[in-house]
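Everything below concerns the one structure shown next.
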Amino acid sequence: MKPAWHSLEGRTALVAGASRGIGLAIAREMARAGARTILAARSLEKLEAEAAQLRQQGFEAQALRLDISDAASIQAAVNAAPPVDVLVVVAGINLRKRFLDYTREEYETLMRTNLHGPVELVRAVGRGMIERGRGGKIILIGSMMTILGLPYMVPYALAKSALGGLTHALAAEWAQHNIQVNAILPGFILTDLTQPVWARPEMQAWLRGILPAGRLGTPEEIAPLAVFLAGPGADYITGQLIAVDGGYSTCAVWPLQPA
Ligand code: NAP
């Protein structure tokens, strides 16, 4: 019998960047959908506590140390992990500065963490998927910066827009291996990464004025799409950049009322 479209039973999912925020919400939902879930990031203690909690609830979960900015750590993590059917790359950082003010070191750290590391991880895990010949799902977490510009984030935008290119080109290349590659573009989601921005009253006022949804999103509102893209219901979806953004990237609101 074919599995239900939402079931990840019998699949192994590796979530890179699962210690908090969007990645943690995704890892929890992957486990609840039946996947053996590997929670990876640098904060091993936090990951172990989360994995233990998921196991207590009857799900399969384990922790794995991974520093995505370090090629040796990526290889060690992939070597230590069981064969992966679903890879979700969530790990990311941001640093908001004027373009001319970034130091070379800051620029390189951002690019290593948000682009070069994710590319290396996709290569290492994808190689295993191809060798096993069972297909697979790769889900990248982009951003509004994958498709739009906002000021004071040029290195972040460079990395996130490049993940869009990776999604398109790799989906075309690995379709022959039955590997689907898609990206989720979260809008404005309240997490540790963005809390300082949304603590500012002028940013809250801007959000209410411009965003159709009129509020910030939550990590839990990103996770269901990741689970769907990881499952058999998404076998014919590949190369897509899918925004979960309360309408930000496609609509606007204005005060005009009908006569
Ligand atoms: P967050 O709460 O700060 O979580 C970031 C996650 O990435 C943590 O689990 C962190 O784990 C991991 N990480 C950071 N550097 C890492 C490294 N070198 N190696 C391994 N893991 C690393 O951020 P978030 O808001 O959930 O964001 C998650 C992703 O969504 C990012 O890629 C971000 O760009 C993207 N995003 C967020 C928003 C938003 O509004 N929040 C919007 C668009 C896109 P450790 O620190 O334990 O390593």
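Both counts, for ligands and for their atoms, begin at 1 and track the order of listing. Keep in mind that this is a model prediction, so the values were computed, not measured.
Nearest to atom 37 (C) of ligand 1 by heavy atom, out of V89, I22, D67, I189, is I22. Remark: among candidates G23, P219, G142, G92, the nearest residue to atom 5 (C) of ligand 1 is G92, based on non-hydrogen atoms.
Within ligand 1, counting atoms from 1 as listed, the ones closer than 4.0 Å to a heavy atom of S19 are 8 (C), 9 (O), 10 (C), 11 (O), 45 (P), 47 (O). Each of the atoms 30 (O), 35 (C) of ligand 1 lies under 4.0 Å from some heavy atom of I141. Listed by atom number, the atoms of ligand 1 under 4.0 Å from A18 heavy atoms are 9 (O). Of all the atoms in ligand 1, the ones that sit under 4.0 Å from a non-hydrogen atom of V90 are 28 (C), 29 (C), 31 (C), 32 (O). Residue-ligand proximity, G17 to ligand 1, at heavy-atom distances under 4.0 Å covers atoms 6 (C), 7 (O), 9 (O), 12 (C). Short contacts between ligand 1 and S43, defined as distances under 4.0 Å to a heavy atom of the residue, involve ligand atoms 45 (P), 46 (O), 47 (O).
Annotation: I68 places an N or O atom under 3.5 Å from an N or O atom of ligand 1; distance criterion only.
At the shortest separation from atom 48 (O) of ligand 1 among protein heavy atoms lies R42 NE, 2.7 Å. Among all protein heavy atoms, the one lying closest to atom 1 (P) of ligand 1 is R20 NE, 3.7 Å. For atom 23 (O) of ligand 1, the nearest protein heavy atom (residue, atom name, distance) is L193 CB, 3.4 Å. When hydrogens are left out, the protein atom nearest atom 43 (C) of ligand 1 is P186 O, 3.4 Å; that is the closest non-hydrogen contact. Closest protein heavy atom to atom 13 (N) of ligand 1: A91 CB, 3.8 Å. In terms of protein heavy-atom proximity, atom 33 (C) of ligand 1 is closest to Y156 OH, 3.6 Å.
Shown here are the salt bridge (charged side-chain N to carboxylate O under 4.0 Å, His left out) partners of D192, two or more places apart in sequence or in another chain: R20.
Of all the heavy atoms of T194, the ones lying under 4.0 Å from any atom of ligand 1 belong exclusively to the side chain. Under 4.0 Å from ligand 1, the heavy atoms of T191 that appear belong solely to its side chain. For K160, every heavy-atom contact with ligand 1 shorter than 4.0 Å involves the side chain, none the backbone. With a 4.0 Å cut-off on non-hydrogen atoms, L66 touches ligand 1 through its backbone and not its side chain.
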- Before giving the answer on side chain to side chain contact (heavy atoms under 4.5 Å, CB included), spell out for L185 and I242 the whole-Å C-alpha distance, their side-chain angles and the decisive distance to 0.1 Å. CA-CA 6 Å; L185 315 185; I242 306 174; over 6 Å; no

- Go through the steps for I184 and V244 under the test side chain to side chain contact (heavy atoms under 4.5 Å, CB included), then give the verdict. CA-CA 7 Å; I184 298 175; V244 183; 4.0 Å; yes

- Task: Could you walk me through whether Y156 and N114 pass side chain to side chain contact (heavy atoms under 4.5 Å, CB included), step by step?
- Result: CA-CA 7 Å; Y156 182 85; N114 291 2; 3.4 Å; yes

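Minimum heavy-atom separation, A91 to I68: CB-CG2, 4.0 Å. The two residues V15 and A18 have their closest heavy-atom pair at O-CB, 3.5 Å. Contact between A234 and F228 at its shortest, heavy atoms only, is CB-O, 3.4 Å.
Residue contacts with ligand 1 do not include M144, since none of its heavy atoms lies under 4.0 Å from the ligand. Under a 4.0 Å heavy-atom criterion, A16 is not in contact with ligand 1. Contact analysis puts G187 in contact with ligand 1, with a non-hydrogen atom separation below 4.0 angstrom.
A salt bridge is absent between E131 and R127; no separation between the charged side-chain nitrogens and carboxylate oxygens falls under 4.0 Å. Salt bridge status for K137 with D235: present, with a side-chain N to carboxylate O gap under 4.0 Å. Between E60 and R55 no salt bridge is recorded (no basic side-chain N to carboxylate O distance below 4.0 Å).
Contact annotation: the side chain of L241 approaches that of T146 to within less than 4.5 Å [non-hydrogen atoms, C-beta and beyond].
In the model, N178 has no side-chain atom that pairs as donor or acceptor with a side-chain atom of Q176 under 3.5 Å.
Ring geometry for W198 against W206 counts as parallel: the plane angle stays under 30°, on a 0 to 90° scale with 60° as the upper cut.
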